[in-house]
Amino acid sequence: MTYVIVAYWRPREGQREKVEAILRDLAHAARQEPGNLEFVVNRSLDDPNEFLLYEQYNDEQAFIDHQQTPHFKKLVLEGALPLLERRERHAYSIIA
């Protein structure tokens, strides 16, 4: 079953460019993972400080594996999280 993650990131004041650079690197690395089907980073047209990440994985285990990769730990846990004001994640499954 395809496992979908939708995440919302909002950088702290003055951190948008750093976060955007991290997201570009993260997307490139995540797309190389064997269980990743899609990793798309979007920026809101209404608020340039709001990012939406749309990710698809083969299954939940592939997403768990994604979170254990060196690039996730470096880019997300060490790099991005301290720069974020808000981070939300929601999991979905495709039904149609």
Item to check | Hydrophobic cluster of Ile95, others only, ordered by chain and residue number, side-chain cut-off 4.5 Å | outcome: none
Checklist entry - Is the side chain of Arg12 donor-acceptor paired with the backbone N or O of Pro82 at a distance under 3.5 Å, no angle test? => result yes
Next on the checklist: I'd like to know if the side chain of Arg87 reaches the main chain of Ala7, judged simply by a donor and an acceptor atom lying under 3.5 Å from each other, with no hydrogens or angles considered.
Outcome noted: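 Looks like no, no N/O pair under 3.5 Å.
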Checklist entry - Distance from Glu20 atom CD to Asp25 atom CG, nearest 0.5 Å? => result 11.0 Å
Item to check | Interatomic distance, Phe51 atom CZ to Leu23 atom CG [nearest 0.5 angstrom] | outcome: 6.0 Å
Item to check | Of Arg16, Arg43, Arg86, the residue whose pairing with Glu50 passes side-chain hydrogen bond (donor to acceptor under 3.5 Å, both in side chains) | outcome: Arg86
Checklist entry - What heavy-atom pair brings Asn49 and Pro11 nearest, and what distance separates the two atoms? => result O-CD, 2.9 Å
Checklist entry - Any idea which heavy atoms bring Tyr3 and Ala91 closest together, and the distance? => result OH-CB, 3.4 Å
Item to check | Result of checking Leu83, Val76, Leu81 against Ile22 for side chain to side chain contact (heavy atoms under 4.5 Å, CB included) | outcome: Leu83
Going hydrophobic residue to hydrophobic residue with side-chain gaps under 4.5 angstrom, can you get from [X] over to [Y]?
X: Phe39; Y: Leu77; value: yes
X: Tyr57; Y: Val4; value: no
X: Val6; Y: Met1; value: no

Would you indicate whether [X], at its atom [atom1], is surrounded by more than 12 heavy atoms from other residues, nucleotides or ligands within a distance under 6.0 Å?
X: Glu88; atom1: CD; answer: yes
X: Phe72; atom1: CZ; answer: yes
X: Arg31; atom1: CZ; answer: yes
X: Leu45; atom1: CG; answer: no

Checklist entry - What residues form a salt bridge (charged side-chain N to carboxylate O under 4.0 Å, His left out) with Glu13, not counting sequence neighbours? => result none
Checklist entry - Once the angle between the rings of Tyr8 and His90 is folded into 0 to 90°, is it parallel (under 30°), tilted (30 to 60°) or perpendicular (over 60°)? => result perpendicular
Is there a side-chain contact between [X] and [Y] (heavy atoms, below 4.5 Å)?
X: Asp65; Y: Glu33; value: no
X: His66; Y: Leu26; value: yes
X: Leu53; Y: Ile5; value: no

